[in-house]
Visitor: 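Have a look at the structure that comes next, please.
One-based numbering, in listed order, for ligands and for the atoms of each.
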Amino acid sequence: MKTHAQVVVIGGGLIGCSILYHLTKLGWSDVMLLERSELTSGSTWHAAAGIHGLHDNSNITRIQNYTMNLYKELEAETGQGCGIFQPGSLYLAQTENREHQLRLQEAKAKYYGLNFYEIGRKKAEELHPLVNFDGIRIIMYEPDGGNVDPSGVTHAYAAGARKRGADIHRFTPVIATETQPDGSWIVKTPDGDIRTEVIVNAAGLWGREVAAMAGLELPLIPTEHQYFVTERIIEVEKIGRRLPSIADRDGEYYLRQEGNGLLVGAYERDVKLWAEHGTPGGFGHELFPDDLDRIEENVLRAIDRVPVIGSAGIKRVINGPMIWSPDSNALFGPVPELKGYFCCNGIIPGFSQSGGLGQLLAEWIVTGEPHLDMFSWDIARFGLWAGKEFTKERVKDQYSNRFAIHFPNEERKAGRPVRKRPIFEIQKNLGAVFGLNFGWEHPLWFSGSLNTVDTNGFKRQNWHKPVIEECQMLRSQGGIIDISNFAKYSVRGELAEKWLNLVFANNMPKEIGRSCLTPLISKRGGIAGDFTVTRISVEEFFIFGSGMAERYHKRFFDSVPILDGVIFESLTESLCGFNVAGPLSRKMLSTLTNSNLSNDSFPFMRSKKMKLCGVEVLALRVSFTGHLGWELHCDTTDQEKLYLGLIKSGKDYGIGLVGSRALMSLRIEKGYGSWSREYSPEYWPQEVGLDRLIKEEKEFLNKKAYLEIRDKAPREKLCMVEVLQVDDADASGGEPIFSLEGKPLGRVSSGSYCGGVNKSLALAFIKGATAGDNVNVMILGKPHLGMILNEPPFDPSGRILRS
Ligand SMILES: Cc1cc2nc3c(=O)[nH]c(=O)nc-3n(C[C@H](O)[C@H](O)[C@H](O)COP(=O)(O)OP(=O)(O)OC[C@H]3O[C@@H](n4cnc5c(N)ncnc54)[C@H](O)[C@@H]3O)c2cc1C
């Protein structure tokens, strides 16, 4: 066995083999995979291996389509059979919400040029004569849906990788991983040590155990999962061709042909966790005892839909383990705290995603960044706060709701609260309805009464009207918004300014008290983040950024060596903040402080330390609402005092509590972009209007990459669209946009009914259309007439903001 490899992949399941294959495809042949047993020895060998193309997340749709198309190529390239059957899939909607979901997916498919469209009942009956379509509202057909052979696909990836020079060692368990002073790793096996620059943890069911070797705890827990295969069914055999698979998600089962029988699998409500505290090292090719009673209800629904199942004998039951993350998305990408350590764990639909995940992880290793924004899959979306209890409750919730619709703006309750601020109970008693942001509970809106919960759906919900009222209150008097869940950092030291200038693309403020906005540039020249940086003394800077991206941004901060004596510290836990904004905010705040808040004394983008409500605060004259306003940051221990003081005084001015849903809507009507929506590594600064903040005369992180794309014409431009045909739903993000003639033009990044200007608005990336053009926004998957605006409807000149 070699003693050195550029990359060591741990785990020879479907995913590890795909990563190895894609590394070699990108030209890295000095790569090695270590498998403790035979290839496919985890979840892979016993999977039902169904493949689907469409997903609610657009980038995952792209990944899944890449994967579906790859299998045939892989088979041809390697000569290894992949057992591909693509008789198509029929997606059934039993409810109105499912219909909206499928129509939206159909619109996205049209936009991305994918094969997924509605068919009538007659056509569906021709395709699958054994299905009873009674009670089905609409049927979508995906001609490329189907299934593959788990072992064939895994061995094909392995064969392709070997052909290009990769080494695969079976029966070679990794027993330790040790980081070295030079940043490399020693991977220990019973057959000897291997030194490597990069480790990939693709150990599937044992992902936690392999991570623990590097001192890392992964939020993963396995569950049992069952499907069964029937004996030969004469009616299936008689049809004499492969039947399409059935995605009857409202019935909470999946169904496809297997041989001349049918295969039925289910995600039951009564989830059974397995190996909660660690996957046994000796677990191999075992299955769990059959427990079909657990999935009886789901199976009965499958029988109602396809009656021949009811009289078929059962040939084989598979009850095997699969391992889940708290949101059932993969834990993907480099671990921010460990140099050269990548994860690709917790993959549920592995056969639908293996190719895309392998391709993007290989890209990340070889080029430093994947070409698609993977933030929703990035391991950095979870922090240490995602502990065992949270993970357990979330996994139970995810498994038992596997086929439930996950609506835009949905907040799942399981496992919460995990991170609370001192005023949590006060806010609760004031009628706050909470959401989760990087573990923090934060008010989404205020219902005014205890224990209100969000209703969920694609149409307007119970929070629609209250959020409009909060927006209107802020625009006419003012509002108090808890912004404690945003990330805050202090950078101090003699060389703090120099270091920050090396990190950020804008020049750091020279004058004490001044703030600047700055982009952070990603490896491919896109937007890795947007920050407000304030100089609070000669040697200290206060930085304000996206809360959910705190661990994600750590990768970028860590990639610029810290200069002598510079201290970088996260203040997210120790500081809290409120944004007080609106036309009366100055008047109200002036009664709470001796500091002068007039425009002359405290202009826009300036800061001051002051006492307010008897509390020391750092006040910044900025507001994401786009209105005159201040951000007030105080010690967490003072949060309650400041909050109660603001509320009391606010009452005299008609200034009340505003939640983050209203904040999001206010920033949309002002045209402000937000991290992970408008700002992402996929978008270039000139596409989102942040190029004006980039200072080319100095060095900054990834400047070279930026210069390479700087002169390229924007592929799409960030625009404001007003939805003119307004009914009872608004855009929320992801909706495609077409010309009136049906030409794909772009897609919505954020959308909302904007109560401050009383318009249904969307921020969108558009190509080939200009201000004044009419377009169709595919809200609920159906065309809604809209118009591209040439400026944001609220305060386009910035006069109100600067007043
Ligand atoms: C019953 C069932 C049905 C399923 N049906 C479908 C489906 O229809 N469609 C679909 O897309 N997905 C399905 N899945 C999910 C799919 O099986 C997984 O997504 C996929 O197999 C995950 O592959 P993996 O490579 O991440 O993990 P694994 O298959 O668990 O592979 C991990 C590998 O790492 C090795 N390993 C672990 N520790 C070490 C170590 N220390 N040193 C060296 N090697 C190590 C293991 O031996 C193993 O071979 C199903 C799963 C189950 C359980």
Visitor: Identify the protein heavy atom lying closest to atom 38 (N) of ligand 1, giving its residue, its atom name and the separation to 0.1 Å.
Guide: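 Its nearest protein heavy-atom neighbour is W206 CB, 3.5 Å.
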
Visitor: Can you pull the salt bridge (Lys or Arg N to Asp or Glu O under 4.0 Å) pairs that have at least one residue in residues 37-58, sequence neighbours excluded?
Guide: E38-R170

Visitor: What atoms in ligand 1 come closer than 4.0 Å to a heavy atom of P321?
Guide: 53 (C)

Visitor: Note the single closest protein heavy atom to atom 27 (O) of ligand 1, along with its residue, its atom name and the distance in Å.
Guide: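 Going atom by atom, the protein heavy atom closest to atom 27 (O) of ligand 1 ends up being G204 CA, 3.3 Å.
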
Visitor: If you take all heavy atoms of N65 and G53, which pair is closest and at what distance?
Guide: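 Of all heavy-atom pairs spanning N65 and G53, the closest is ND2-O, 3.3 Å.
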
Visitor: Regarding atom 42 (N) of ligand 1: of the candidates T223, L357, V174, which has the closest heavy atom?
Guide: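 Residue with the shortest heavy-atom distance to the ligand atom: V174.
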
Visitor: From the options E35, H52, R36, E38, select the one whose nearest heavy atom is closest to atom 35 (C) of ligand 1.
Guide: E35

Visitor: Nearest to atom 18 (C) of ligand 1, what protein heavy atom do you find, and at what distance?
Guide: I347 O, 3.6 Å

Visitor: Taking side chain to side chain donor-acceptor pair (under 3.5 Å) as the criterion, tell me which of E142, R242, K72 meets it with Q86.
Guide: K72

Visitor: Could you please spell out the steps behind the ring-ring contact (aromatic ring centres under 6.0 Å, His included) verdict for Y254 and H225?
Guide: CA-CA 12 Å; Y254 53 88; H225 176 58; 5.8 Å; yes

Visitor: If we only count N/O pairs under 3.5 Å, is G50 in contact with ligand 1?
Guide: yes

Visitor: F351 to ligand 1: N or O pair under 3.5 Å?
Guide: yes

Visitor: Is T172 close to ligand 1, meaning an N/O of one under 3.5 Å from an N/O of the other?
Guide: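 In this structure, T172 places no N or O atom under 3.5 Å from an N or O of ligand 1.
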
Visitor: For the 3.5 Å polar cut-off, considering only N or O atoms, please tell me whether G350 and ligand 1 meet it.
Guide: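 It does: an N or O of G350 is found under 3.5 Å from an N or O of ligand 1.
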
Visitor: Between A202 and ligand 1, find which residue part has any heavy-atom pair under 4.0 Å and reply side chain, backbone, both or neither.
Guide: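 Only the backbone of A202 comes within reach of ligand 1.
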
Visitor: So which heavy atom in the protein is nearest atom 6 (C) of ligand 1, and how far is it from that ligand atom?
Guide: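 Its nearest protein heavy-atom neighbour is A49 N, 3.6 Å.
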
Visitor: To which of G346, S43, C344, S354 does the heavy atom nearest atom 30 (O) of ligand 1 belong?
Guide: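 Checking each option, the heavy atom nearest atom 30 (O) of ligand 1 is found in S43.
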
Visitor: What atoms of ligand 1 come closer than 4.0 angstrom to any heavy atom of L34?
Guide: 43 (C), 44 (N)

Visitor: How far is atom 12 (N) of ligand 1 from the closest protein heavy atom, and which atom is that?
Guide: I348 O, 3.3 Å

Visitor: Tell me the protein heavy atom at minimum distance from atom 23 (O) of ligand 1, and give that distance in Å.
Guide: T44 OG1, 3.3 Å

Visitor: Any N/O of A47 closer than 3.5 Å to an N/O of ligand 1?
Guide: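 It does not: no N or O of A47 is found under 3.5 Å from an N or O of ligand 1.
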
Visitor: Which pair of non-hydrogen atoms, one from L90 and one from P244, has the smallest distance, and what is that distance?
Guide: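 Looks like CD1-CG, 4.0 Å.
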
Visitor: Which residue and non-hydrogen atom of the protein lie closest to atom 5 (N) of ligand 1, and at what distance in Å?
Guide: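 For this ligand atom, the closest protein heavy atom is A48 N, 3.0 Å.
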
Visitor: In chain order, what residues pass the salt bridge (charged side-chain N to carboxylate O under 4.0 Å, His left out) check against E75, with sequence neighbours excluded?
Guide: none

Visitor: N/O to N/O below 3.5 Å, does that happen between L205 and ligand 1?
Guide: yes

Visitor: What residue and atom, counting heavy atoms only, is the protein's closest point to atom 34 (O) of ligand 1, and at what distance?
Guide: G11 CA, 3.1 Å

Visitor: Should S37 be listed as contacting ligand 1, given a heavy-atom distance under 4.0 Å as the test?
Guide: no

